[in-house]
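A quick write-up on the structure given underneath.
No experiment lies behind these values; they were computed from the predicted model shown.
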Amino acid sequence: MIELLTPAEMGRADRLTIAAGTPGIRLMESAGRAVADAVGHRFTVGTRVAVLCGPGNNGGDGFVAARILRERGHLVTLALLGDRAHLGGDARLAAERWSGPVEPASAASVARLAAGAKVVIDALYGAGLARPLEGEARAIVEAVNAARRPVIAVDLPSGIDGATGRVMGAAIRADLSVTFFRMKPGHLLLPGRIHCGKVLVADIGIRAAVLAEIAPRTVRDLPEAWRDHLCPPGLADHKYARGHAVVVSGPMTRTGAARLAAEAALRVGAGLVTVASPPDALQVNACHLTAVMLARMEGAAGLAAILADTRLNAVVLGPALGVGEGTAGLVAAALAAAAAVVLDADALTTVAADPAASFAAIAARAAPAVLTPHDGEFARLFPDLDPRGAAADLPKTERAARAAARAGAVVILKGADTVIAAPDGRVAIADNAPADLATAGSGDVLAGIVGGLLARGLPGFEAACAAVWLHGECGRRAGAGLIAEDLAKELRPVLAEFHEAERRRAWAADDEADDEIEVGGTD
């Protein structure tokens, strides 16, 4: 389930399902049961559970969960924020089915109930929050956090914006969030992901067919989104069929970044990789390169001459190049060539001096271009989309999407919640990268992986999404204490596991097809 639904899109999924004949209370009963099941799988019968309900449908889910948990033998207390008489629709029906006491929710009562419970269910607001929490509601959230009890959130922790992941004044810190049908961007974007804890997606009876009408543009960056493009080598393949990537080296004292990128490009499956080196760095690079080839490059004209050979079909430049006219010339030469282009690091900072010119050059190209900015580089390239300024209210996904549309390039907006955006509006959010990846050279490896996949012929968006996921998995496998040199080596086991999983998936699909033929046969 890779599609991500904003709260508005999820509301539409609910309405489409109800219009198709499923009563809303049935959806609510299924949601509440999923929450009760999550509690039952983690806590023994007889556990004291404090359920905090809000004034909307999230609170209705809480009433259902409370009733089912009490029926199963748990000791349940329930507090409601707001007047029970003001509940409407399905939430009112759910509340009517709860026969236990309802305590008014206040900071003091919630603190007392939480202190006497082993687990707290947060059914206050979920994804439906429209404005920052303040007053009593904020005090209640702070009381829950101060109680330091395990919290299971219904849909999203109260106080987290489901579309952006932002904290709306204050937010509950949950250990587990039980959401329904599909995750929301706020489950993956920071700081929401930190507040959500582990996320469980429950099936409550909404059919996947509604997605065709909703047409969400945002997905979770998982192999399901791009696996059909990342195929293992075929028996008839040869190195020339797998593309030739070029990585542009910096001067003699700044060559390591290009070599990190070049090794990553080769490891991820490019058939050949060449480091284009300025004359003063040739000897340094030659002492370190073996399978990666080396070519002399004298400035922009030298790079243009190398890329004139159209068999060299992807180029990565930016890592440790330096900022200034020389790098600007290299960028212009790369964008004028037929090869796919990855612009990273110093190339991005250089482009920021006159982004319109580079964006115009990208627009005139047939091959894809991928930009890989971190937040600082992004702000220099797109100052009006800097969240510290006029774009403070835009979610990260929207900022990346607008940047991609403007640049005509795929944008990888890096961070702990990396967002990948295509010019056509498609967006992916990655959530598999460990914090250990925050180390020097890590981004150079990512740029090289993107370049290697582009050389293999993957489309720009799919190459970027696959590269970000593979990079995160390499970081996860390398573990604590990793340095950038460790990452490319981990591509071997990560790719092996990926291809083995794909083989097993294909076999399972074949077996299922055979079963259908056997059952439906006419022998």
Side-chain angles (χ1 to χ4, degrees), residues 243-278 280-295 297 303 314-323 327 330 334 340-349 370-374 377 412 414 418 433-434 436-456 463-464 466-479 481-495:
H244 190 156
V246 175
V247 180
V248 181
S249 171
M252 179 179 63
T253 57
R254 298 198 300 271
T255 59
R259 291 196 300 275
L260 286 170
E263 181 186 358
L266 194 62
R267 291 275 187 188
V268 84
L272 304 96
V273 178
T274 293
V275 168
S277 174
D280 71 323
L282 279 168
Q283 186 172 355
V284 176
N285 279 320
C287 289
H288 290 276
L289 298 177
T290 305
V292 172
M293 298 182 291
L294 186 63
M297 176 198 72
L303 179 59
V315 57
V316 178
L317 68 162
L321 276 186
V323 176
T327 297
L330 293 170
V341 175
V342 181
L343 298 182
D344 184 45
D346 291 341
L348 296 172
T349 299
V370 179
L371 314 182
T372 63
H374 55 56
E377 292 158 347
I412 300 175
K414 296 184 293 191
T418 292
D436 306 280
L437 281 175
T439 185
S442 175
D444 305 325
V445 175
L446 174 60
I449 297 173
V450 178
L453 293 177
L454 290 172
R456 290 183 57 176
V468 169
W469 185 85
L470 291 169
H471 186 248
E473 289 301 294
C474 288
R476 183 184 61 79
R477 284 188 64 98
L482 72 83
I483 59 175
E485 287 94 322
D486 300 326
L487 294 173
K489 297 177 178 62
E490 297 295 344
L491 279 167
R492 289 182 64 195
V494 168
L495 285 169

Practice task
Using modelled atom types only, decide if a donor and an acceptor are shared between the side chain of D280 and the backbone of P251 within a distance under 3.5 Å.
Solution key: no

Exercise for the section: Scan side-chain atoms only and decide if N285 and S249 contain a donor-acceptor pair under the 3.5 Å cut-off. Expected result: yes

Exercise for the section: Check the pair R259, V292 against side-chain contact (heavy atoms from CB on, under 4.5 Å), reporting the backbone distance first and the verdict last. Expected result: CA-CA 9 Å; R259 291 196 300 275; V292 172; over 6 Å; no

Completion exercise
In short, T255 meets A281 closest at the heavy-atom pair CG2-CB, 3.7 Å

Completion exercise
Here the gap from H288 atom NE2 to Q283 atom CD, rounded to the nearest 0.5 Å, amounts to 10.5 Å

Problem - R267 and V494, any side-chain heavy atoms less than 4.5 Å apart - result: no

Exercise for the section: Identify the two heavy atoms, one from A257 and one from A320, that lie closest to each other, and give their separation to 0.1 Å. Expected result: CB-CB, 3.8 Å

Handout entry: Distance-minimising heavy-atom pair for A314 and A455
Key = CB-N, 3.7 Å

Fill in the blank from the handout: Heavy atoms of A463 and L454 approach each other most closely as CB-CD2, 3.7 Å

Problem - Inter-residue atom distance T327.OG1 - L321.CG, 0.5 Å rounding - result: 4.5 Å

Handout entry: E490 side chain to L487 backbone, donor-acceptor under 3.5 Å
Key = no

Exercise for the section: Of all the heavy-atom pairs spanning D346 and G322, show the shortest one and how long it is. Expected result: OD2-N, 2.7 Å

Handout entry: Validation row: R492, R477 side chains within 4.5 angstrom (heavy atoms)
Key = no

Problem - Under 3.5 Å: donor-acceptor pair, side chain of T439, backbone of I483 - result: no

Completion exercise
Test side chain to side chain contact (heavy atoms under 4.5 Å, CB included), reference I412, set T418, L371, D344, V342, output is T418

Practice task
Determine whether M297 and P278 make a side-chain contact, defined as any pair of heavy atoms from C-beta on separated by less than 4.5 Å.
Solution key: yes

Fill in the blank from the handout: Exactly one of L437, D436, L260 clears side chain to side chain contact (heavy atoms under 4.5 Å, CB included) with S442, and that residue is L437

Fill in the blank from the handout: Nearest heavy-atom contact between P319 and L317 is CD-C, 3.4 Å

Completion exercise
When rounded to the nearest 0.5 Å, the distance separating CG of L294 from OG1 of T274 is 8.0 Å

Problem - Value rounded to 0.5 Å, distance of CD in E485 from CD in E263 - result: 9.0 Å

Exercise for the section: Working to the nearest 0.5 Å, report the span between CG of L266 and OG1 of T290. Expected result: 10.5 Å

Exercise for the section: First locate atom CD1 of I449, then atom CG of D444, and finally report the distance between them rounded to the nearest 0.5 Å. Expected result: 11.0 Å

